[in-house]
Amino acid sequence: MLLKNDYPALNYDKGTGEEKNWLVTETRFDPEALGKVEAVFSLGNGYMGLRSATEERYSNEVRGNFIAGTFNKFLGDKEVTELPNAADMLAMTFTLNGETFQLTQGEVLFYERTLNLKKAELSRDIHWRSPAGEEYKIVFSRFVSLDNLHVIAQKVTITPLTNDVTIKLNSGINGQMTNTGTQHFQEGVLRLYDQKIMKLEARTTESAIDFVHFSRHAFTLENEEFTPKNTIFMDRRKIFTTFEPETVAKNQTMTIEKISGVYTSRDKDWNSVETALELFSKVGNYDILFTAHRHAWQSKVWEQYPIQIEGANFDQLAIRFAVYHLTGMTPAHDNRMNIGAKGFSGEGYKGHAFWDTEIFVLPFFTTSNPTIARQLLEYRWLSLPGAVRKAVENNYEGAMFPWESAWLEDGEVTPVWGAADIITGEPTKIWSGFIEQHITADIAFAVWQYYQFTGDQDFMEKHGYELIFATAVFWQSRLEKKGDQYEITGVVGPDEYKEHVDNNAFTNYMAHWNLEKAIHYYELLQQENPALLASLSAKWDLTRNYTEWQEKSAKLYLPQPNAELVIPQDDTYLSKKIIDLAPYKASAQVGALFLDYNLDQVNDMQITKQADVMILLYLLENEFSPEVKQANWDYYEPKTLHDSSLSRATHSILASDLGDKELAYNMFEKASRIDLGQNMKSSDAGIHSASIGGIWQVVVNGFGGVRMLDGKLFLHPHLPEKWTALSFPIYWKGSRLLIHVTQTATEISNTSNQDVVLTLNGKEISLLANTTFTTK
């Protein structure tokens, strides 16, 4: 018997005192909605991430253990490189007086599963009555350590409430996991060390990455340690221990700790399996590990990003939820790796990185933790060989970045075939990897944005200038001569419901921007660093390309606003059929449109998947007037289904710019509830990384009003009516600024030893070192 489904599944108000607005709680167990909470409650530290499947097994679960950068391609198959689902180390089977603990059996008298964002710890508190009528209080706790990136820690306490109980445990390491049926690992060595530490080795089938997993258990009864008798069991890619029954008296508590670790040959400090074993054997118990883990989260995360929202509890929780996942999904330890579109919370998009990183996630790190932002951009520089290879394969020059990226040398890893066509029944071809090319300019834009915020000249000289030049070389080779102008035809823009279009406005404008920046920096280096320019010229033939940039950039067609001030999304969009989108906009199901139409039909309608022209107006905002922005909002937003999770955040920021606080807040609230809301099917395949980054952008760039325009810092807050105050930090040219905004005043504290110049609400101010400015 399950708890009644007559109240929301997720609660956001459980936290009180110091835990206020830090807790997300699942208030009932629903075996039909496991995926949502597995993803939303996922645990990670940038090195690895775990879907939060329960210790006990259920038929609808999707267990996931993903290690950054360990991509593999299944041999002999047409599948692309993906992040393999490593061995499961969480599972435990409890037998209580001969009955297996399962929430689908017996009766759940109390249930709460809570993600504590501040502690980065997941817990379950259960009062369960078995089919035989015996009652137990069972508490589960776990975390993935931010202090020791290789460690997973679990703790379980079992207290019989009605009678004595014999407790039997089966627990170990299951390497039989798959990615939706695909097995990525070869058999490795299984072993038990000193009757304590279980080991499972495995190697990926194609990329030949060695994995080694360890687990050990410890038992206490009423705080007294003991070691139950046990039997070891080994099978193909599987090692488990059965701990024989132990009697626990009524109201006594048995505590079981399971500490696990994973190491791979991708690790920069990888030495050998023996070294990994030595490191793991020194790992402490749950409490020792948790103390260090909590300190790491406090010092590295919550003190680094102290974002405070006053006046709306859910919104404060939502921004903390975003920061929590931004931390857990980002491989800050290794610049050879990047952020997956689902983080480490699921198999969605195979762990690949998209433009989501540069346009939606990177701004958080650029302004809040530039060191991590630099590493994420270094990943793109390190992957230049793959981008060059893609350009050559498509008969272009320069660096043509993959739409989906994995390991550095992989190049393009976008799958070729997708879901079935609703009309033909055939698989739908995924064109993004072939013709969604704006990502090349997006990466150049992110490089420039990072440089403007940080002033990191060392990065530019080692990586940044080359990225901007290499991408511009691609664009000059990509442009097509049409009469007396150049065009870009046959592409997919941000709106993926429009394929093989000509002159997508976003793509053309961003390509033009890329070319102009390359011209600017070429001329700058001519004057300031001719030796570096000569070195890069030898590699990228810049002398010739500089001439090409000048000629082609000046003649590149840029769609202009029409008589109604609307910028055509592409050459034919404005002439396509218009249909009533109200039923699809009201649907809770993403992609509901494709229950009635196939992609070819949608391609001939004025229907937009996500922000397209709108994101152009955001990124290159100082190139368009307020009147043009309003006209395009009025035209395109009613035709936009927001079927991509990154869409509403962009629209919210633009609504703030246009002065519509209510609409901006409404869009923000919908964006923040994509993962965190009550739709229990929204996140089955994993959380939405771009949306998570977008939530931060709405708070800081939208409501906080932080912008960088032409290399200068601007601040023009648009606080929602529900908020009484907003506080957040940003870095500008190495200076850390603490910004506090209320409905009536703005306060900016410069905590650095250098002066900062910025424009606040249209007025330029000079903020002296270690001083505070206020508009009061």
Side-chain angles (χ1 to χ4, degrees), residues 304-305 330 332 335 357-359 361-382 441-472 513-514 516-533 535-536 619-622 696-697 700-701 704-716 728-739 748-760 764-773:
Q304 179 74 19
Y305 319 120
T330 302
N335 65 357
T357 298
E358 281 72 27
I359 300 301
V361 176
L362 193 72
F364 165 71
F365 290 110
T366 293
T367 59
S368 304
N369 196 326
T371 299
I372 295 177
R374 173 170 174 157
Q375 289 194 178
L376 292 169
L377 289 171
E378 287 173 354
Y379 166 86
R380 293 298 190 182
W381 182 81
L382 290 168
D442 302 334
I443 290 169
F445 183 87
V447 167
W448 174 77
Q449 188 178 59
Y450 168 81
Y451 182 38
Q452 298 308 306
F453 266 96
T454 66
D456 187 349
Q457 190 63 38
D458 179 73
F459 168 79
M460 290 300 291
E461 292 177 2
K462 291 179 178 176
H463 313 297
Y465 292 129
E466 184 169 16
L467 282 165
I468 289 174
F469 291 151
T471 51
W513 177 94
N514 199 165
E516 288 293 305
K517 279 294 176 285
I519 293 169
H520 168 74
Y521 285 122
Y522 182 94
E523 295 171 350
L524 183 70
L525 290 183
Q526 275 185 320
Q527 299 298 318
E528 298 183 358
N529 198 337
L532 176 60
L533 181 61
S535 174
L536 293 172
L619 296 185
L620 304 183
E621 61 179 292
N622 53 338
W696 179 89
Q697 288 195 48
V700 173
N701 301 134
V706 173
R707 300 296 171 83
M708 180 277 294
L709 302 175
D710 296 325
K712 296 180 180 180
L713 180 62
F714 290 78
L715 186 65
H716 194 287
F728 58 90
I730 64 166
Y731 282 89
W732 177 257
K733 311 289 189 185
S735 297
R736 192 169 194 250
L737 308 179
L738 301 178
I739 299 168
I748 309 172
S749 296
N750 180 1
T751 65
S752 73
N753 294 319
Q754 57 188 15
D755 298 348
V756 172
V757 176
L758 60 90
T759 299
L760 174 62
E764 185 173 281
I765 63 172
S766 182
L767 191 58
L768 301 179
N770 296 302
T771 62
T772 297
F773 174 88

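What's counted below: heavy atoms across the whole structure, side chains too, no hydrogens, waters or symmetry copies. All residue numbers in this chain count up from 1 along the given sequence.
- Under a 4.0 Å N-O distance rule, the pair R374/D458 qualifies as a salt bridge.
- Under the 4.0 Å criterion applied to side-chain N and carboxylate O atoms, E358 and R380 are assigned as salt-bridge partners.
- With D456 contributing its side chain and M460 its backbone, the two residues share no donor-acceptor pair below 3.5 Å.
- Judged by distance alone, the side chain of S749 and the main-chain N or O of T751 form no donor-acceptor pair under 3.5 Å.
- The aromatic rings of Y465 and Y451 lie perpendicular to each other, with more than 60° between the two planes, well past the 30° mark.
- A side-chain donor from one of N753 and N770 sits under 3.5 Å from a side-chain acceptor of the other.
- No donor-acceptor pair closer than 3.5 Å links the side chain of E378 to the backbone N or O of N335.
- Put simply, the residue from Y731, F365, F453 that forms a side-chain contact (heavy atoms from CB on, under 4.5 Å) with P370 is Y731.
- Classified by interplanar angle (parallel below 30°, tilted 30° to 60°, perpendicular above 60°), the ring pair Y305/F364 is tilted.
- Ring-plane geometry between H463 and F459 is classed as tilted, the angle between the planes lying from 30 to 60 degrees on a 0 to 90 degree scale.
- Side-chain N/O atoms of D755 and S766 include no donor and acceptor closer than 3.5 Å.
- With R707 contributing its side chain and N701 its backbone, the two residues share a donor-acceptor pair below 3.5 Å.
- A donor-acceptor pair under 3.5 Å links the side-chain atoms of Q304 to the main chain of S368, judged by distance alone.
- Among the candidates I730, L760, V756, the single residue satisfying the side-chain contact (heavy atoms from CB on, under 4.5 Å) test with I748 is L760.
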